[in-house]
Amino acid sequence: MSQVGCVVTHWIVGNEQDKGIPNAQSKNRIRNHMRRYSAFAIAREGARYHTGWERAWKSPEPKKRYDAIILGAGGHGLATAYYLGKNHGIKNVAILEKGWLGGGNTGRNTTIIRSNYLQDPSAAIYEKARSLYETMSQDLNYNVMFSPRGVMMLAQTEHEIRGYERTAHANALQGVATEFISPQRVKELVPIINIHGPRYPVLGALWQPRGGTARHDAVAWGYARACSNMGMDIIQQCEVTGVRRDGDKVIGVDTTKGPIDCDKLGVVVAGHSGVLADMAGFRLPIESVALQALVSEPIKPCMDVVVMANTVHGYMSQSDKGEMVIGGGADGYNNYTQRGSFHHIEETVRALVETFPMISRLKMLRQWGGIVDMTGDRSPIISKTPVENMFINCGWGTGGFKAIPGSGWAMAELMAKGASPLADEFTMWRFGEGKFIDESVAAGVAH
Ligand code: FAD
Ligand code: PYC
């Protein structure tokens, strides 16, 4: 992945030469406010051979101190920073990333967006996120290619029918639009499906018509550009190696670019959450495990909804390029390897091929893995920590892409105000108190 939009020289160079913009003051003013992407901008740049696009975000050296530091430039970290600025006016913010932004799970997932969860706190935050996705491109002035094409979870056992009918009733009470549909309706929506599978016939499905997909790295890039535009510093290649405390209170972090002070620290590092908690001196109920996915060669459009088959551990959608995007269950052992493995292709494709016989003829092109952070109840943690002014957002496991805007909204509110209605139930202490938010059914295929 590369910085989209960093095509050639900074547009101001062209302006200085062409129009003679006179002094550093006006230069900085222009540099600090990026120009909007629009049809007019494309026409203008087309007329001058695209020499004027500016970088999508700046890459500054870190300052000595910030009001808030966010660790992790994945979708959740960037969204947290964005809503800190947009909703709470906190803009003296650094986002520190050990690799490149969006290079973690945010750039590795299969982009499914849905809010068909069972428990009220989950439905609230996932539906908030789904609704924010609807207007994200306009809000960020960045095309995230949100495609509300519809998501279905197949019921292939009697047990699943009961589970999904229950979810549909719960969703009706929560104001989330889902319905349980018949096998015939499934076939109408997905003509390539075999509903008479020999072992697992399709008995119905939980259908969310406003679920769908979005371009995952565009989500990271769009938030990054908007954060940079607000004056925030995104520091890539900057690994946090220590959390500095004064007694019980956080005062900063040690990094590979030196120490940086802060008033508040938000840790949003997904599969590395346990490592960061360890640096701060507490433990988290998180396990890290690889989740893999793969894509086929591109083929003509053949499926315009997302299908998840949770009993057999497989799911599939078709990308805009025509590739079939396929994934299955998480690896059966804890690890930190962001890699694919052959047994996974075999298991996942074998699981799906009865329901989608045509995929047996596809060549698979690419395969990869990401480290997901799993909690025992398959729900996230958005929480204060034992360290004052240090907050943690993690545990999204195999399903956090869909949650990015809602999670960022809630985490920003928690950091700014000390509480957030969307985050209240998701504390790290719920495990000790027995207040689980069990989403093992909704977490679905990948668990
Ligand atoms: P990440 O994007 O992983 O960001 C965390 C960042 O923290 C990383 O960039 C990392 O480099 C950085 N970091 C770590 N340690 C440090 C440190 N010490 N210092 C500085 N930076 C650090 N979810 C869905 O909703 N739908 C799906 O279809 C879906 N499919 C998936 C398929 C796969 C194969 C995988 C792996 C995941 C999938 N997910 C899906 C889950 C989803 O991708 C994650 O829940 C989500 O992306 C997590 O985002 P994040 O911002 O928390 O983490
Ligand atoms: O949470 O919808 C999801 C999902 C699908 C595949 C991986 N996660």
Side-chain angles (χ1 to χ4, degrees), residues 69-80 95-117 126 129-130 133 151 153 208 211-214 216-217 219-220 223 235-243 253-257 267-276 278-279 288-295 306-310 313-317 325-331 336 338 340 344 348 367-374 378 380 392-404 407-408 411 439 442-447:
I69 289 180
I70 305 297
L71 301 189
H76 289 259
L78 289 162
T80 300
I95 304 122
L96 308 183
E97 167 56 51
K98 75 172 177 174
W100 67 96
L101 73 84
N105 292 338
T106 297
R108 294 166 190 270
N109 63 70
T110 42
T111 77
I112 298 174
I113 296 168
R114 57 187 173 87
S115 56
N116 54 356
Y117 283 68
Y126 287 106
R130 199 205 54 76
Y133 266 115
V151 174
M153 288 178 152
Q208 182 168 26
T213 59
H216 52 193
D217 27 28
V219 171
Y223 275 123
I235 324 272
Q236 302 180 74
Q237 307 292 328
C238 179
E239 180 167 358
V240 172
T241 52
V243 174
V253 289
D254 292 322
T255 80
T256 46
K257 289 183 187 268
V267 177
V268 198
V269 295
H272 291 84
S273 301
V275 179
L276 264 296
D278 196 42
M279 288 178 197
S288 293
V289 58
L291 179 67
Q292 305 185 31
L294 57 146
V295 290
V306 179
V307 182
M308 302 175 69
N310 298 342
H313 283 295
Y315 62 93
M316 192 161 85
S317 65
V325 181
I326 298 174
D331 282 8
Y336 286 96
Q338 300 194 105
H344 183 82
T348 304
Q367 185 192 16
W368 65 92
I371 305 305
V372 295
D373 40 340
M374 309 272 228
R378 302 312 189 221
I392 191 137
N393 179 333
C394 64
W396 294 97
T398 61
F401 175 69
K402 67 175 80 65
I404 283 172
S407 154
M411 179 74 168
E439 290 294 0
V445 64
H447 282 78

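The figures here come from the full heavy-atom set of this structure, side chains too, leaving out hydrogens, waters and symmetry mates. Counting starts at 1 for both ligands and their atoms, in listed order.
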Peer 1: Rounded at 0.5 Å granularity, tell me how far CD1 in Ile112 sits from CZ in Phe401.
Peer 2: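 Between atom CD1 of Ile112 and atom CZ of Phe401 there are 10.5 Å.
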
Peer 1: Using distance alone, decide if ligand 2 has a nitrogen or oxygen within less than 3.5 Å of any nitrogen or oxygen in Tyr117.
Peer 2: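 By distance alone, the answer is no.
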
Peer 1: Measure the NZ-OG1 distance between Lys402 and Thr213 for me, rounded to the nearest 0.5 Å.
Peer 2: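 Separation between the atoms: 13.0 Å.
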
Peer 1: I'd like to know if the side chain of Ser288 and the backbone of Gly271 have a donor-acceptor N/O pair within less than 3.5 Å.
Peer 2: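 Here the side-chain-to-backbone pair exists.
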
Peer 1: Yes or no on side chain to side chain donor-acceptor pair (under 3.5 Å) for Ser407 and His76, after CA distance, side-chain angles and deciding distance?
Peer 2: CA-CA 6 Å; Ser407 154; His76 289 259; 2.6 Å; yes

Peer 1: Enter the distance from Gln292:CD to Arg108:CZ here, rounded to the nearest 0.5 Å.
Peer 2: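 Here the rounded value is 11.5 Å.
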
Peer 1: Given 3.5 Å as the limit, does a donor-acceptor pair link the side chain of Asp373 with the main chain of Gly395, or not?
Peer 2: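 Yes; at least one donor-acceptor contact below 3.5 Å.
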
Peer 1: Taking 4.0 angstrom as the limit and counting only heavy atoms of Thr398, give me the atoms of ligand 2 inside it, by number and element.
Peer 2: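 The atoms of ligand 2 under 4.0 Å from a heavy atom of Thr398 are 1 (O), 4 (C), 7 (C), 8 (N).
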
Peer 1: Taking heavy atoms and a distance under 4.0 Å, where does Asn109 meet ligand 2: side chain, backbone, both or neither?
Peer 2: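 Within the 4.0 Å criterion, Asn109 makes no contact with ligand 2.
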
Peer 1: Counting only nitrogen or oxygen atoms and a 3.5 angstrom limit, does Lys402 reach ligand 2?
Peer 2: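 Yes.
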
Peer 1: Going by the angle between their ring planes, with limits at 30° and 60°, are Tyr126 and Trp396 parallel, tilted or perpendicular?
Peer 2: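 Plane angle over 60°, so perpendicular.
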
Peer 1: Going from NZ on Lys98 to SG on Cys238, what distance comes out if it is rounded to the nearest 0.5 angstrom?
Peer 2: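 It comes to 12.0 Å.
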
Peer 1: What does the list of residues with a heavy atom under 4.0 Å from ligand 1 look like, ordered by chain and number?
Peer 2: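 Only Gly72, Gly74, Gly75, His76, Leu96, Glu97, Lys98, Gly104, Asn105, Thr106, Arg108, Asn109, Thr110, Thr111, Ile112, Cys238, Glu239, Val240, Val268, Val269, Ala270, His272, Leu276, Leu291, Gln292, Ala293, Tyr315, Gly370, Val372, Trp396, Gly397, Thr398, Gly399, Gly400, Phe401, Lys402 have heavy atoms that fall under 4.0 Å of ligand 1, ordered by chain and number.
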
Peer 1: Can you sort out which atoms of ligand 2 are near Thr110, meaning under 4.0 Å from one of its heavy atoms?
Peer 2: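 The list of qualifying atoms is 6 (C).
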
Peer 1: Distance under 4.0 Å to a non-hydrogen atom of Ile112: what atoms of ligand 2 satisfy this?
Peer 2: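 This gives 2 (O), 5 (C) as the contact atoms.
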
Peer 1: Does Asp278 have any salt bridge (charged side-chain N to carboxylate O under 4.0 Å, His left out) partners at least two apart in sequence or in another chain, and if so, which?
Peer 2: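 Asp278 satisfies salt bridge (charged side-chain N to carboxylate O under 4.0 Å, His left out) with no other residue.
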
Peer 1: Which of the numbered atoms in ligand 2 are below 4.0 angstrom from a heavy atom of Gly399?
Peer 2: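 Listed by number with element, the hits are 1 (O).
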
Peer 1: Taking atom types as modelled, find out whether Ser115 and Gln208 have a side-chain donor-acceptor pair closer than 3.5 angstrom.
Peer 2: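 Short answer, yes.
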
Peer 1: Do any nitrogen or oxygen atoms of Tyr315 come within less than 3.5 Å of a nitrogen or oxygen of ligand 2?
Peer 2: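 Between Tyr315 and ligand 2 (N or O atoms, distance only) the closest approach is not under 3.5 Å.
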
